[in-house]
Structure formats: C-alpha cells, structure tokens
Amino acid sequence: MCGLFGVFNHKEASKMIYLGLYSLQHRGQESAGIVTYDGKQAFSERGMGLVSDVFNEEKLNALKGATGIGHTRYSTTGSSVLKNAQPFIIEHAGGFLAVAHNGNLTNTRALRNKLEAEGSIFQTTMDSEIVVHLIVKSKKKNIEDKIADALSQVEGAYSFLFLTENELIAARDPRGFKPLGLAKCHGGYALASETSAFDITQAEYIREVEPGEIVVINKNGIRSLNPFPEIRHAFCIFEYIYFAKPDSNIYGENVYLARKALGRQLARELPAKADMVLPIPDSGNYAALGYAEESKIPFEIGIIRNHYVGRTFIQPLQKMRDFSVKLKLNPTRQLIRNKDIIVVEDSIVRGTTSRSRMRTLREAGARKIHMRVSCPPIKYPCYFGIDFPTRNELVAASNEPNEIAKIIGADSLGYISLEGMLKSMPIKGSEFCTSCFTGKYPVKPPEGTTKSVLEKKQ
Ligand code: 5GP
Ligand code: MG
C-alpha cells in the first residue's frame with residue numbers, strides 16, 4: 001500500500017503535494033511526508049499520523065521549491081516508526097536523492113546481506129532503502145541509467161518516485177503491480193497513485209506510467225525509458241476490489257464502475273430471496289449497488305456510519321462489547337427488524353469485523369442474513385504490498401464458505417467466482433495478479449517467508 005504524489009515545476013509545489021496526499025490518505029495513515037527542492041537545497045517534513053496532523057500552513061511554506069514528492073505510508077515491511085517515514089532522503093557524492101515507494105520488494109534479504117557485507121550501513125528497515133544503495137553504487141553515468149541498473153536487480157512490486165537536483169523520475173515495475181499515473185499540472189507535471197489526486201490539484205491526466213517504464217521529467221521536458229524485457233502484467237486486482245478510492249481511475253479505468261460490475265456479477269452468480277440489499281459501509285457500498293440493480297431487490301442503507309469518530313475517543317469505564325464498532329456503525333433498527341437481508345461486503349480477510357457486523361444486524365432484529373462477497377475467498381498472503389496476514393490468520397485459508405458462514409454468524413455466505421470477478425473487470429483478466437486467491441505468485445515469494453518474518457511487529 002502507500003500513496004505517492006509528485007510535482008515538477010509548480011510555484012506552490014508543497015501545497016499541490018499536500019492536496020494530492022490528502023486525497024490519497026486512504027492508501028496509508030501511519031505517516032506522511034513531503035520533500036521539495038528549490039534548485040539549491042532540499043527541504044523535508046515527515047511525521048507520524050495523518051496528512052492533516054503532519055502539515056500546517058507554516059510547515060508547507062517552509063517546503064520551498066517548485067519540485068517535490070510526497071508519500072502516505074501503510075507499513076508492510078519495516079516497522080511503523082518515524083525513521084521509516086518516507087520520502088527517504090540521502091546526500092551522496094553525486095548529489096541529493098529522495099525516494100518514495102509503493103509496493104514490496106521480494107528479494108531484499110539477499111540484496112541487503114550482500115550490500116552489508118560490502119560495507120553499506122542502513123538507516124532504516126525499509127526495503128526502499130536498498131534501492132537507494134543500489135542506485136548510489138551503480139557505475140552508470142547518469143541518474144536514470146543508475147536507477148535502471150538498480151531496479152534491474154530487485155524483484156517484486158514497486159511504483160517509485162525519485163527526486164534529484166534536476167529531475168523528477170517515476171518508475172513502475174515490469175509487471176505493473178501498483179498503479180501510477182501521469183498528468184499535466186499548470187504548466188508542469190504531476191504523478192500520482194490514483195487520479196483523484198489529479199482532480200483535487202486540477203492536474204490533467206495524460207496516461208499511466210507503463211509497466212517497466214521509467215519516466216524522466218526535467219527542464220527539457222519529459223522522456224521515457226523502457227530498460228526491462230516485456231513480461232506478463234500482474235496488476236493488483238485488490239486495488240479495484242477494495243483499496244483504491246471509487247472516484248479514482250487506476251490502470252486507466254474507474255474504480256466505482258468496476259466495483260458495481262462486481263456486484264452485478266455477484267447477483268447473477270449467487271441470487272437470494274430477501275427484502276433488501278444492504279452494504280457494509282463504506283467499502284461494500286458499490287458492489288451492493290450493483291447487486292441491488294441486477295437483482296431488482298431494493299438497496300437500503302441499514303447500517304449508518306458515524307463520520308465524526310476520530311482516532312482517539314474516550315472509552316466508557318464499564319467495558320461495553322464492540323464499543324468502538326458500535327460508535328462507528330449503527331444499524332437502522334426499524335428498517336431491519338424481522339426482514340430477510342442480503343449483506344454485501346467487498347472482502348473477508350480475518351472474518352473478525354464481519355462477525356461483529358453480523359451480530360449488530362441480529363441484535364437489530366434481522367431475520368435471515370445472506371452475506372455476499374465481491375471477491376473470491378482470500379486464502380494466501382500477499383508479498384507485494386497488501387497487508388494480508390499469514391495463512392493461519394486468513395479465515396478462508398482453512399475454512400470452506402459454509403464453515404465461515406457459521407463462524408461469522410450468517411445464514412448463507414457466497415463469494416464471487418474467480419472467473420466472474422475477472423470477467424467483470426474493465427481490463428483483460430489476464431493482466432492481473434490474483435495470487436491472494438490462487439496461491440500462484442507471479443514473482444517468487446521471499447525465501448522462507450511468512451509475513452511475521454518481515455518484522456511487521458518489530
Ligand atoms: P474481516 O471480516 O475480514 O475482519 O474484515 C473485512 C473488512 O476489512 C472488509 O470490510 C474490507 O473492506 C476490509 N479490508 C479488506 N482488506 C483490508 C486491508 O488490507 N486492510 C484493512 N484495514 N481493511 C481491509
Ligand atoms: Mg469494509
């Protein structure tokens with residue numbers, strides 16, 4: 001996960017990046033950072049927490065220069081501490097370099113051991129830092145060739161933004177796991193993980209950075225390198241299912257429409273008799289709309305989300321069951337009581353939140369609950385940047401749907417089929433990585449890894 005936004009040649013670069021990151025907040029809430037360059041020196045501000053916690057007007061004004069990159073972080077490798085906040089900056093013999101990364105590299109253990117044996121000293125536990133070492137050590141002449149040289153040694157998922165003294169450079173791995181788009185921005189350029197970040201900055205979308213492409217932007221304009229051999233694409237399908245924002249386009253297509261199509265397909269594959277279709281907000285809303293439309297069963301909002309729940313609130317003294325869940329989502333009792341309902345959810349990972357939602361609906365008087373899920377059972381961990389835990393934490397790894405229905409407390413449970421999901425996507429099914437459902441990884445998972453080895457909880 002993680003959100004990226006970069007700007008080249010804008011007189012309010014830091015403010016553009018701030019706005020861009022604001023609209024990419026859903027891609028990571030652990031830390032946020034911006035690095036800018038004014039032609040002479042670099043400026044940086046990074047902090048733990050949300051974009052709105054880390055930055056204020058004064059801090060943005062101090063980030064001088066017309067070019068910069070920003071990052072919102074959701075840690076999947078490296079622990080959640082300030083020194084791991086990005087963008088990551090170094091000064092090296094060739095000058096200054098800042099980097100922001102979305103994705104997970106899979107051959108870092110071996111690369112890091114080799115670099116350390118050769119004398120490299122690491123400041124962080126992030127896999128992104130390894131790429132920086134490889135760039136600096138490269139014998140190539142110019143920065144884009146150094147970057148290509150470094151990236152030819154790493155495996156896995158990456159969308160990168162690099163900031164140097166003269167260039168803004170973007171790179172996307174040859175399989176294109178993570179999205180990255182390019183736009184014109186008030187006479188300069190912008191790059192972002194999702195197009196909603198272009199909307200807010202009034203940048204004009206041009207195109208995707210292609211899988212395997214390195215885009216170099218400097219005062220002479222924009223250039224593109226394709227240093228890697230063509231390889232089958234492996235776009236993360238979970239971006240469409242859950243992760244990206246519905247108002248965004250990723251991989252060139254709209255997320256909202258993709259989710260609605262999943263819901264329609266789900267209704268065709270797994271009909272049920274019910275009085276209404278309810279989403280689990282907010283992530284289930286779009287597939288639920290599609291399901292209702294296709295099944296002609298009324299769509300109702302039966303669970304209401306409280307939008308004012310901050311991250312810190314006062315817990316009652318007496319321990320109240322599911323207190324924080326109840327504070328965030330409350331059922332509309334009169335609507336649900338004695339009704340048969342279809343509940344649509346985008347995904348089940350561990351099953352714990354689904355169980356508590358089912359209990360909420362039962363307590364509100366629901367009679368029959370048919371749960372429908374707009375992605376297939378998630379059975380395998382992700383090594384490429386989605387925070388899916390070890391196999392034994394994934395409820396579908398060791399339970400069939402009918403058993404999961406019992407575990408979570410639904411009368412029936414149905415998942416969309418793999419073929420149905422792929423057919424519903426706005427781009428060709430063969431372009432996607434579906435390894436969390438199939439266990440067929442497009443890149444070899446890290447040697448002997450389980451997620452816990454990746455020191456997530458360090
Ligand atoms: P579960 O029932 O597995 O505990 O939770 C499923 C819910 O988690 C769904 O509403 C889904 O939208 C959400 N979800 C799916 N993937 C992720 C993820 O990677 N991170 C987080 N925080 N939530 C997720
Ligand atoms: Mg959800």
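The chain is numbered in sequence order, starting from 1. Whatever order the structure lists ligands and atoms in, that order sets their numbers, starting from 1.
Here the heavy atom of the protein found nearest to atom 19 (O) of ligand 1 is Met1 CE, 3.3 Å. Of all protein heavy atoms, the one lying nearest to atom 2 (O) of ligand 1 is Ser354 OG, 2.6 Å. With hydrogens left out, the protein atom closest to atom 8 (O) of ligand 1 is Thr353 OG1, 4.3 Å, a heavy atom. Among all non-hydrogen protein atoms, the one lying nearest atom 18 (C) of ligand 1 is Tyr242 CE2, 3.8 Å. In this structure, the protein non-hydrogen atom closest to atom 20 (N) of ligand 1 is Tyr74 OH, 3.8 Å. In this structure, atom 15 (C) of ligand 1 lies nearest to the protein heavy atom Ser347 OG, 3.1 Å.
Side-chain contact, Asn102 with Arg27: a donor N or O sits under 3.5 Å from an acceptor N or O. Ser23 and Asp199 form no side-chain donor-acceptor contact under 3.5 Å, judged by distance and modelled atom types alone.
Only the side chain of Phe238 comes within 4.0 Å of ligand 1, judged by heavy-atom distances. With a heavy-atom cut-off of 4.0 Å, Val349 touches ligand 1 through backbone and side chain alike. The proximity of Ser283 to ligand 1, defined as any non-hydrogen pair under 4.0 Å, is limited to the side chain. Under 4.0 Å from ligand 1, not a single heavy atom of Arg355 appears.
Which parts of ligand 1 touch Asp346 is read off a 4.0 Å heavy-atom cut-off, strictly below it: atoms 9 (C), 10 (O), 11 (C), 12 (O). When each atom of ligand 1 is checked for a heavy atom of Ile348 under 4.0 Å away, the hits are 3 (O). Atoms of ligand 1 lying under 4.0 Å from any heavy atom of Gly351, numbered from 1 in the order shown and given with element: 1 (P), 2 (O), 3 (O), 4 (O). The distance from ligand 1 to the heavy atoms of Thr352 drops below 4.0 Å at these ligand atoms: 1 (P), 2 (O), 4 (O).
The existence of a salt bridge linking Glu431 and Arg232 is excluded, since no basic side-chain nitrogen approaches an acidic carboxylate oxygen closer than 4.0 Å. Arg175 has a carboxylate O that lies under 4.0 Å from a charged side-chain N of Glu155, or vice versa, which qualifies the two as a salt bridge.
Close placement of the Tyr240 and Tyr251 rings is indicated, their centers lying within 6.0 Å of each other. Between Tyr383 and Tyr441, the distance from one ring center to the other falls under 6.0 angstrom.
In this pair, Tyr205 and Phe198 present their aromatic rings tilted. The plane angle is within the 30 to 60° band. Ring pair Tyr242/Phe238 is tilted by interplanar angle, where 30° to 60° counts as tilted. Between Phe122 and His133, the angle of the ring planes lies from 30° to 60°, which puts this pair in the tilted group.
The Mg ion (ligand 2) has an N, O or S atom of Ser283 closer than 2.8 Å.
Backbone and side-chain nitrogen or oxygen atoms of Ile280 are examined, and none is located within less than 3.5 angstrom of a nitrogen or oxygen of ligand 1.
Each of Asp173, Leu151, Leu111, Val131 was scored for a side chain to side chain contact (heavy atoms under 4.5 Å, CB included) with Leu105, with one residue passing: Val131.
Checking Met358, Glu345, Met371 against atom 10 (O) of ligand 1, the nearest heavy atom belongs to Glu345.
Taking CZ from Arg259 and CG from Leu289, the interatomic distance works out to 12.0 Å, rounded to the nearest 0.5 Å.
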